[in-house]
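In what follows, residues are counted from 1 in the order of the sequence shown.
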Amino acid sequence: MTQDSYNEETVARAADSGANASARFRERMAAQSAGGVVDTERVNHLASRAVKALNDIVLEERVSYEEYNAFKAWLIRVGEDGEWPLFLDVWLEHSVEEVANEHREGSKGTIEGPYYLEDSPEVPWNGTIPMREDEPGTPFTFTGQVRAVDGSPLPGAKLELWHADDLGFYSQFAPGLPEWNLRATWTANEDGRFEIHTVRPAPYQIPTDGACGQLIEAAGWHAWRPAHLHFKVHAPGHHKLTAQLYFPGDPHNEDDIASAVKPELMLDPQPNPDGEGEITHYDFVLDPEQ
């Protein structure tokens with residue numbers, strides 16, 4: 001990686017990243033919601049509870065007009081910075097995910113986050129993720145099998161992987177990165193097995209120069225997420241699994257700002273005896289559709 005591309009990547013701005021996340025989310029929602037029906041009673045129930053909860057906080061905490069106006073100004077800035085996807089995915093999605101997947105018998109899932117992109121390049125079941133020729137980071141091999149809850153392999157299962165680079169940035173959400181850098185889709189072989197070649201990602205801070213960073217600073221929080229790999233795993237007749245897999249020893253596994261780490265999602269990387277870097281094994285178990 002050249003010094004120029006390094007410098008360009010490290011000046012990623014929260015507003016640019018947020019605008020990209022918001023635009024991608026709107027595109028996905030437009031495709032998913034065509035012809036959708038809104039349950040008026042459900043909206044009434046949830047919206048009423050949310051409004052009441054906020055009013056209860058105002059009354060119980062004796063919120064002043066100064067605090068109220070500061071909050072209103074901050075909400076406006078969240079929208080201007082395009083950071084609603086980031087805010088909601090960091091501080092709320094983990095609870096939505098818990099409700100959505102509490103019935104699962106197979107592998108544990110966790111949040112998707114704001115940086116997922118559909119239609120990443122397809123590679124063979126044992127292929128290498130698209131990356132720069134001089135991609136920094138420790139070479140990382142990830143092997144495993146996709147199975148059903150009864151133990152049978154799921155041949156042809158799809159595994160979408162995306163993750164941050166060695167500096168903690170995602171392609172298409174930071175300047176200077178190739179379009180599909182560290183993003184790809186694998187198709188498991190006839191035994192449901194896969195062998196992924198990539199580099200180990202780095203821990204990173206969520207963008208802090210925008211509205212979310214303003215909240216973090218004002219509240220005295222930290223902005224760190226532990227290093228992780230994002231996966232979407234799906235096979236016909238089975239529920240799609242969205243997961244993040246983590247690395248032991250990361251100082252922010254215990255206080256992830258997104259509250260997304262689960263013990264079942266921890267990897268066990270070891271020195272790769274057949275090559276450079278590290279290797280790990282992890283199987284994905286998918287639940288049948290009802």
Side-chain angles (χ1 to χ4, degrees), residues 9-30 32-33 36 38-100 110-117 164 168-170 172-175 203-226 228 244 251-252 254-261:
E9 184 178 347
T10 56
V11 296
R13 296 175 60 250
D16 295 334
S17 177
N20 287 347
S22 294
R24 299 295 180 136
F25 180 74
R26 283 194 294 267
E27 290 171 2
R28 290 173 61 193
M29 286 303 297
Q32 294 173 14
S33 62
V38 176
D39 185 335
T40 303
E41 290 187 6
R42 185 67 171 166
V43 172
N44 172 53
H45 174 69
L46 295 177
S48 296
R49 286 204 62 186
V51 171
K52 183 180 185 303
L54 288 172
N55 278 280
D56 288 346
I57 292 171
V58 170
L59 296 173
E60 292 168 12
E61 300 296 335
R62 313 302 298 168
V63 172
S64 68
Y65 258 107
E66 182 181 29
E67 292 169 328
Y68 169 72
N69 285 329
F71 177 58
K72 184 159 55 172
W74 178 79
L75 289 175
I76 292 170
R77 185 177 177 190
V78 174
E80 291 174 343
D81 288 348
E83 288 200 324
W84 279 118
L86 178 65
F87 173 81
L88 294 169
D89 291 350
V90 167
W91 284 293
L92 189 63
E93 188 188 354
H94 65 94
S95 293
V96 179
E97 185 275 328
E98 183 177 336
V99 171
T110 191
I111 66 174
E112 177 181 293
Y115 300 134
Y116 169 66
L117 298 172
F169 294 102
Y170 288 82
Q172 301 192 42
F173 294 93
Y204 63 87
Q205 294 188 81
I206 66 169
T208 57
D209 62 314
C212 290
Q214 183 182 22
L215 172 62
I216 289 168
E217 182 179 4
W221 301 338
H222 75 75
W224 284 94
R225 295 225 59 216
H228 55 278
Q244 297 179 19
H252 293 294
E254 301 301 322
D255 64 356
D256 173 24
I257 190 172
S259 303
V261 180

*asked:* The test is side chain to side chain contact (heavy atoms under 4.5 Å, CB included); show your working for R49 and L46 and say whether it passes.
replied: CA-CA 5 Å; R49 286 204 62 186; L46 295 177; 5.7 Å; no
*May I have the step-by-step check of side chain to side chain contact (heavy atoms under 4.5 Å, CB included) for W221 and L215, ending in yes or no?*
CA-CA 8 Å; W221 301 338; L215 172 62; 3.9 Å; yes
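- E67 contributes a side-chain N or O that, together with a main-chain N or O of S64, makes up a donor-acceptor pair within less than 3.5 Å.
- Using cut-offs of 30° and 60° for the angle between ring planes, the W84 and F87 rings count as perpendicular.
- Side-chain N or O atoms of Q244 include one that pairs as donor or acceptor with a backbone N or O of I111 at under 3.5 Å.
- Rounding to the nearest 0.5 Å places SG of C212 at 9.5 Å from CZ of R77.
- Between the side chain of H228 and the main chain of P226, a donor-acceptor pair closer than 3.5 Å is present.
- Distance alone, capped at 3.5 Å, is enough to place a donor-acceptor pair between the D39 side chain and the E41 backbone.
- The distance from atom CH2 of W91 to atom CD1 of I216, rounded to the nearest 0.5 Å, is 4.0 Å.
- Panel note: side chain N44, backbone T40; no donor-acceptor pair is recorded below 3.5 Å.
- In this structure, NE2 in H94 is found 8.5 Å from CD in E98, a value given to the nearest 0.5 Å.
- A 4.5 Å side-chain heavy-atom check between Q172 and L117 finds at least one atom pair inside the cut-off.
- Closest approach of Y170 to A164, counting heavy atoms only: CE2-N, 3.5 Å.
- Counting heavy atoms of neighbouring residues, nucleotides and ligands inside a 6.0 Å radius, atom CD of E217 does not exceed 12 of them.
- Between Y115 and D89 there is no side-chain heavy-atom pair separated by less than 4.5 Å.
- Considering all non-hydrogen atoms of both residues, E83 and A211 come closest at OE1-N, 3.0 Å.
- To the nearest 0.5 angstrom, I76 atom CD1 is 7.0 Å from K72 atom NZ.
- Although no hydrogens or angles enter the test, the distance criterion places no donor-acceptor pair under 3.5 Å between the side chain of D256 and the main chain of R225.
- The two residues I206 and L86 come nearest to each other via the heavy atoms CB-CD1, 4.3 Å.
- A search for ring-ring contact (aromatic ring centres under 6.0 Å, His included) contacts involving H252 returns H222, W224, not counting sequence neighbours.
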